[in-house]
Amino acid sequence: MRTKNFFSIAALIICGLVCVNSVKAEGTPSKTDNVTLNIKFKPVQSITVNPAQKTVDLKYYTLENYRDGVSTKMDDHLTVFSTGGFVVSVSTTTDKFVRSAGGEIPVSDITVTAENGTTTNSTFTPEEVSLSIAPKALITTTAGGNELNYNITYNNTVAGKDYNYINNYIHPDAESVYTATVTYTIATN
């Protein structure tokens, strides 16, 4: 009987040692661990019209203006920030320039052209577009950048020449002003 007890006790001790070693191995604190680190990018874009150029005037003040039409170039008119390629579109809120006391001129009489300003984007593709309610791509590029400046020319030398606007001055105004709102929109390319 003593031998049986001895074997039973020995079996219990061996079993206990094996179980303790298993538990100890599973509960051993790790000295290293891993984490997955991601860098995630979403497109961020902004467009700003130069605050000093929020109003652009095409002035018909001389005989030559009525004969040849007029245009004006606004240096660094638009400033763009984009984290990648982008398209700047131009549109108007109405299809006509309107005079408050009556009178209209089609917005399509004006073309808009962009070119690089003081801070440039070498991959810029310029376009010349007629103003319209429908947005039209004016600046297209595959590269982004910070503080990209664009000069914008508002041109009325085609539709506004040859005295086409000779009857748009309406007396007794000091000057007849026809107005439309132009909107620039940026989107990813």
Side-chain angles (χ1 to χ4, degrees), residues 43 45-82 84-145 148-170 173 175-189:
Q45 299 171 316
S46 76
I47 188 167
T48 306
V49 173
N50 184 329
Q53 300 172 345
K54 287 287 198 174
T55 300
V56 177
D57 294 324
L58 295 174
K59 298 175 183 176
Y60 281 79
Y61 284 6
T62 68
L63 174 76
E64 291 77 20
N65 297 149
Y66 283 94
R67 181 187 66 218
D68 302 331
V70 296
S71 75
T72 188
K73 179 179 174 184
M74 308 304 288
D75 291 331
D76 292 341
H77 191 52
L78 301 178
T79 301
V80 169
F81 172 88
S82 183
F86 60 91
V87 176
V88 171
S89 298
V90 62
S91 63
T92 57
T93 55
T94 63
D95 62 348
K96 300 202 182 314
F97 289 91
V98 178
R99 181 176 166 271
S100 61
E104 298 175 339
I105 298 172
V107 294
S108 59
D109 282 6
I110 307 297
T111 60
V112 181
T113 308
E115 65 183 40
N116 278 319
T118 56
T119 307
T120 63
N121 186 333
S122 60
T123 63
F124 160 56
T125 304
E127 298 289 336
E128 179 180 26
V129 299
S130 295
L131 288 178
S132 165
I133 291 176
K136 294 183 179 179
L138 179 65
I139 300 169
T140 303
T141 180
T142 57
L148 300 174
N149 293 313
Y150 295 95
N151 303 330
I152 302 296
T153 299
Y154 297 89
N155 188 349
N156 190 235
T157 58
V158 175
K161 68 178 182 176
D162 297 330
Y163 309 102
N164 287 336
Y165 293 157
I166 200 159
N167 292 313
N168 286 354
Y169 167 76
I170 301 172
D173 295 346
E175 60 184 8
S176 296
V177 179
Y178 294 76
T179 302
T181 300
V182 175
T183 302
Y184 292 96
T185 305
I186 188 169
T188 57
N189 181 19

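Here, residue 1 is the first one in the sequence, and each next residue gets the next number.
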Participant: Donor-acceptor pair, distance only, cut-off 3.5 Å: does the side chain of T92 make one with the backbone of D95?
Facilitator: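 No, because the side chain of T92 does not come within donor-acceptor range (under 3.5 Å) of the backbone of D95.
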Participant: Please name the pair of heavy atoms, one in N151 and one in N116, separated by the smallest distance, quoted to 0.1 Å.
Facilitator: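 It is ND2-O, 3.1 Å.
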Participant: Indicate yes or no: at least one non-hydrogen side-chain atom of M74 is less than 4.5 angstrom from one of V56.
Facilitator: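 Yes, close enough: below the 4.5 Å cut-off.
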Participant: Are the side chains of L131 and V90 in contact, using a 4.5 Å heavy-atom criterion?
Facilitator: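 Yes. Closest side-chain heavy atoms under 4.5 Å.
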Participant: Would you compute the distance between atom OH of Y165 and atom CG of D162 and round it to the nearest 0.5 angstrom?
Facilitator: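 The CG atom of D162 is 11.5 Å from OH of Y165, to the nearest 0.5 Å.
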Participant: Test your reading of the model: is there a side-chain donor-acceptor pair from Y150 to the backbone of I139, 3.5 Å cut-off?
Facilitator: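 A pair under 3.5 Å: no.
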Participant: Would you compute the distance between atom CG of D76 and atom OG1 of T118 and round it to the nearest 0.5 angstrom?
Facilitator: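 Separation between the atoms: 3.5 Å.
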Participant: How far does NZ of K136 sit from OG of S89, to the nearest 0.5 angstrom?
Facilitator: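 OG of S89 is found 11.0 Å from NZ of K136.
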Participant: I'd like to know if the side chain of Y60 pairs up with that of N168 as donor and acceptor (distance under 3.5 Å, no hydrogens or angles considered).
Facilitator: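 No donor-acceptor contact under 3.5 Å links the two side chains.
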Participant: Side-chain contact test, heavy atoms from C-beta onward, threshold under 4.5 Å: evaluate it for L78 versus T48 and give yes or no.
Facilitator: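 Side chain of L78 against side chain of T48, heavy atoms only: no contact under 4.5 Å found.
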Participant: Testing the basics here: between R99 and S176, what is the closest heavy-atom pair and its distance to 0.1 Å?
Facilitator: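 Between these two residues, the closest heavy atoms are NE-OG, 3.6 Å.
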Participant: With a 4.5 Å cut-off on side-chain heavy atoms, are F97 and E104 touching?
Facilitator: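 The answer is no, as the side chains (C-beta and beyond) never meet within the 4.5 Å cut-off.
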Participant: If every non-hydrogen atom of L148 is compared with every non-hydrogen atom of G144, which pair is closest and at what distance?
Facilitator: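 Heavy atoms of L148 and G144 come nearest at CD1-C, 4.2 Å.
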Participant: Measure across N164 and A159 and return the closest heavy-atom pair with its distance rounded to 0.1 Å.
Facilitator: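 Taking every non-hydrogen atom into account, ND2-O, 2.9 Å.
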Participant: Do V112 and I152 have side chains that approach each other closer than 4.5 Å (heavy atoms only, starting at C-beta)?
Facilitator: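 Yes. Closest side-chain heavy atoms under 4.5 Å.
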Participant: Please name the pair of heavy atoms, one in I186 and one in S82, separated by the smallest distance, quoted to 0.1 Å.
Facilitator: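 Minimum heavy-atom separation between I186 and S82: CD1-CB, 4.4 Å.
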Participant: Using only atom types and a distance under 3.5 Å, with no angle test, would you say the side chain of Q53 pairs donor to acceptor with the backbone of D75?
Facilitator: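 Answer holds: yes.
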Participant: Can you name the nearest heavy-atom pair linking T79 to N149, along with the distance?
Facilitator: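 Smallest heavy-atom distance, with atoms named: OG1-OD1, 2.8 Å.
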Participant: If we only count heavy atoms from C-beta on, is the T111 to V158 side-chain gap below 4.5 Å?
Facilitator: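 The answer is no, as the side chains (C-beta and beyond) never meet within the 4.5 Å cut-off.
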Participant: Determine whether the side chains of N155 and T153 contain a donor N or O and an acceptor N or O closer than 3.5 Å.
Facilitator: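 No, no side-chain donor-acceptor contact under 3.5 Å.
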Participant: Do I47 and F86 have side chains that get closer than 4.5 Å, going by heavy atoms?
Facilitator: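 Not in contact.
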Participant: Is N156 reaching over with its side chain to a backbone N or O of D109, donor-acceptor style, under 3.5 angstrom?
Facilitator: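 Yes: the side chain of N156 pairs with the backbone of D109.
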Participant: Backbone N or O of K161 within a donor-acceptor pair of the D68 side chain at under 3.5 Å?
Facilitator: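 Checked: no pair found.
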Participant: Please check this pair: side chain of N65 against backbone of V70, looking for a donor-acceptor N/O pair closer than 3.5 Å.
Facilitator: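 Flag not set: sc N65 to bb V70 has no pair under 3.5 Å.
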Participant: Got a second to check how far S71's OG is from L58's CG, nearest 0.5 Å?
Facilitator: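 Going from the OG atom of S71 to the CG atom of L58 covers 7.5 Å.
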Participant: Do H77 and Y154 have side-chain atoms, one donor and one acceptor, less than 3.5 Å apart?
Facilitator: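 Looking only at side-chain atoms, Y154 and H77 do form a donor-acceptor pair, the distance falling under 3.5 Å.
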Participant: Any side-chain heavy-atom pair from Q45 and T188 closer than 4.5 angstrom?
Facilitator: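 A side-chain contact exists here, since the closest heavy-atom pair is under 4.5 Å.
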Participant: Check E115 with K73, please: is the shortest side-chain N to carboxylate O separation under 4.0 Å?
Facilitator: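 A salt bridge links K73 with E115.
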